[in-house]
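Quick notes on the structure that follows.
Quantities reported herein were computed from a predicted structural model and do not represent experimental measurements.
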Amino acid sequence: MQMNYEYPSISILGSTGSVGEQAIDVALKNGIRVNCLSANKNVARVETQARELGVKACAMADRDAARDLEIKLADTDIKVYTGIEGICEMISEHYEEREVVVNSIIGEAGLRPTLAVLGAGKKLALANKESLVCAGEFVMKLAQAKRAEILPVDSEHSAIFQALRAGEKKEIKRLLLTASGGPFYGMSREALAGIRVEDALAHPTWNMGAKITIDSATLMNKGFEVIEAVHLFGVSADQIEVLVHRESIMHSAIEYIDNSVIAQMSVPDMRLCVQYALTHPARTEAVIPTLDLTSIGKMTFAKPDTDTFTLLKLAFSAVEKGGAVPAVLNAANEVAVAAFLDRRLDFLGIFDVVIKTVKALPDAARIRLMDDIFAFDGAARSLANEFLTKRSALC
């Protein structure tokens, strides 16, 4: 691979996931050097990636996987780090000027690495939405203090980030956040009762990992993106409107104070968002297909059904309450979605467990320290598991 030194080198956290693999694809197509990788347990894939990319270091969140990878890479100079703390250590020890760190770790596990990246003053390409959902205020303050730039990778926030080139944050009237509506758009709550895991994983337009695909089916993912947008773009929740856009062509838009609307459109392919984050402020040759509007024919927009998909409404409430409430929301959802994917919880049970957990921890709104976020995250997981156990006992 011939390196393109016009662009920064990168490290990829969560390299075996959907976004991580696409980041590697973008790097290879643009000749961008990859310095470091991290993953959870997929030793075989990380070993292959590490050898093909010639990285300096790898980190595995799972300790057994780290030991296994260290043995497999013993014939190389690649250093292997262990655990979440090892990922953070790798970030701080391997410094490259102008480096961009892609954080595509799934779930709350990505928060500490986000803090490590920003604490080191590095540029962060953020695909781990939970960092901002759980601790948005702390994350943004740290970025500002360290003058570290956050480049959004989510398609919706990337679209808004791109549309901001037409104006300034102070000129924003509304953010129009689009949603595909997931596989169950238009269904009643009663109809959702018999949903199977296979049904929920059949997303109509995007190819994503299992967890985010389930979140898309419940509209929790869109709720998380509302919380992200509040922190990333410095707007209030009532300045955000969610629009169901089934075609997934307009990825989001900004309505400015002069009532002009600037939107970003493309075929639904996350590689564009990754590429823009890695090469910003430049644009490079396409890694995605051309958008043919004539073949699409029309684009539709509708309001989401928040009476059926209640987690979206709950997310608006959580960000308005602030504190650790969004972290509680996220923790409960992680527990519930994992149980659903393991077939220990029915689809509607996701809504039930999350809502009950958030209601059970009203003090989460009154926090002052980063440690409080982690404390309420743990409390929420314990409570969510209790509600899960009780619900299972009734079935």
Whether the [X] and [Y] side chains hold a donor-acceptor pair (N or O, under 3.5 Å, no angle test) is what I'd like checked.
X	Y	result
T284	Q275	yes
S11	E99	yes
H94	Y81	yes
H251	S266	yes
E21	T16	no
T48	E52	no
S216	N221	no
S15	Q49	yes
E108	N330	no
R283	Q162	yes

Member of N128, V101, I105 meeting the side chain to side chain contact (heavy atoms under 4.5 Å, CB included) criterion with P113: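 So, applying the side chain to side chain contact (heavy atoms under 4.5 Å, CB included) to P113 and each of N128, V101, I105, only I105 qualifies.
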
I'd like to know whether [atom1] of [X] has more than 12 heavy-atom contacts from other residues, nucleotides or ligands below 6.0 angstrom.
X	atom1	answer
L383	CG	yes
M265	CE	no
K141	NZ	no
R45	CZ	yes
E137	CD	no
E198	CD	yes

Can you hop from [X] to [Y] via hydrophobic side chains spaced under 4.5 Å?
X	Y	answer
L361	V133	yes
L115	F376	yes
I214	V226	yes
L369	L132	no
I106	V19	no

Just by modelled atom types, is the [Y] backbone N or O under 3.5 Å from a matching donor or acceptor in the [X] side chain?
X	Y	value
S252	T178	yes
T114	G110	yes
R271	V287	yes
E47	A44	no
D346	G349	yes
E70	A66	no
K122	I91	yes
S9	R33	no
H157	E225	yes
S260	Y256	no

How far does [atom1] of [X] sit from [atom2] of [Y], to the nearest 0.5 angstrom?
X	Y	atom1	atom2	value
R381	N333	CZ	CG	10.0 Å
T290	L293	OG1	CG	11.0 Å
S18	M270	OG	CE	7.5 Å
L291	L272	CG	CG	10.5 Å
L348	I195	CG	CD1	8.5 Å
F387	K359	CZ	NZ	10.5 Å

CA sep, side-chain torsions, deciding dist, call: L388, R344, side-chain contact (heavy atoms from CB on, under 4.5 Å): CA-CA 9 Å; L388 176 61; R344 295 182 289 113; 3.4 Å; yes

Audit row: E247, T300, side-chain hydrogen bond (donor to acceptor under 3.5 Å, both in side chains) steps and yes/no: CA-CA 7 Å; E247 296 80 12; T300 59; 3.0 Å; yes

Worked check of salt bridge (charged side-chain N to carboxylate O under 4.0 Å, His left out) between E149 and R98: CA-CA 11 Å; E149 189 174 6; R98 297 176 63 231; over 6 Å; no

pair [X]-[Y]: side-chain heavy atoms closer than 4.5 Å:
X	Y	result
L53	L28	yes
D68	D64	no
D154	F224	no
T218	F351	yes
I254	L176	no
L126	L151	no
N103	V117	no
V153	S158	no

Parallel, tilted or perpendicular: ring planes of H245 versus F301, cut at 30 and 60 degrees: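 Geometry flag for F301 against H245: parallel rings.
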
Note: [X]-[Y] ion pair, threshold 4.0 Å (strictly below):
X	Y	result
R51	D75	yes
K79	E93	yes
D372	R366	no

Step-by-step side-chain contact (heavy atoms from CB on, under 4.5 Å) determination, N35 to I10: CA-CA 6 Å; N35 296 321; I10 65 171; over 6 Å; no

Stepwise side-chain contact (heavy atoms from CB on, under 4.5 Å) test for T82 and R67: CA-CA 8 Å; T82 303; R67 284 191 291 270; 5.9 Å; no

Identified salt bridge (charged side-chain N to carboxylate O under 4.0 Å, His left out) counterpart of E241 within the set R174, K222, K173: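 Among the candidates, only R174 passes.
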
Intermediate values then yes/no, side-chain contact (heavy atoms from CB on, under 4.5 Å), V102 and L13: CA-CA 6 Å; V102 181; L13 311 181; over 6 Å; no

Could you give the side-chain donor-acceptor pairs of residues 307-324 under 3.5 Å, partners two or more places apart or in another chain?
unit_1 : atom_1 : unit_2 : atom_2 : d
D307   : OD1    : K313   : NZ     : 3.4
T308   : OG1    : D305   : OD2    : 2.6

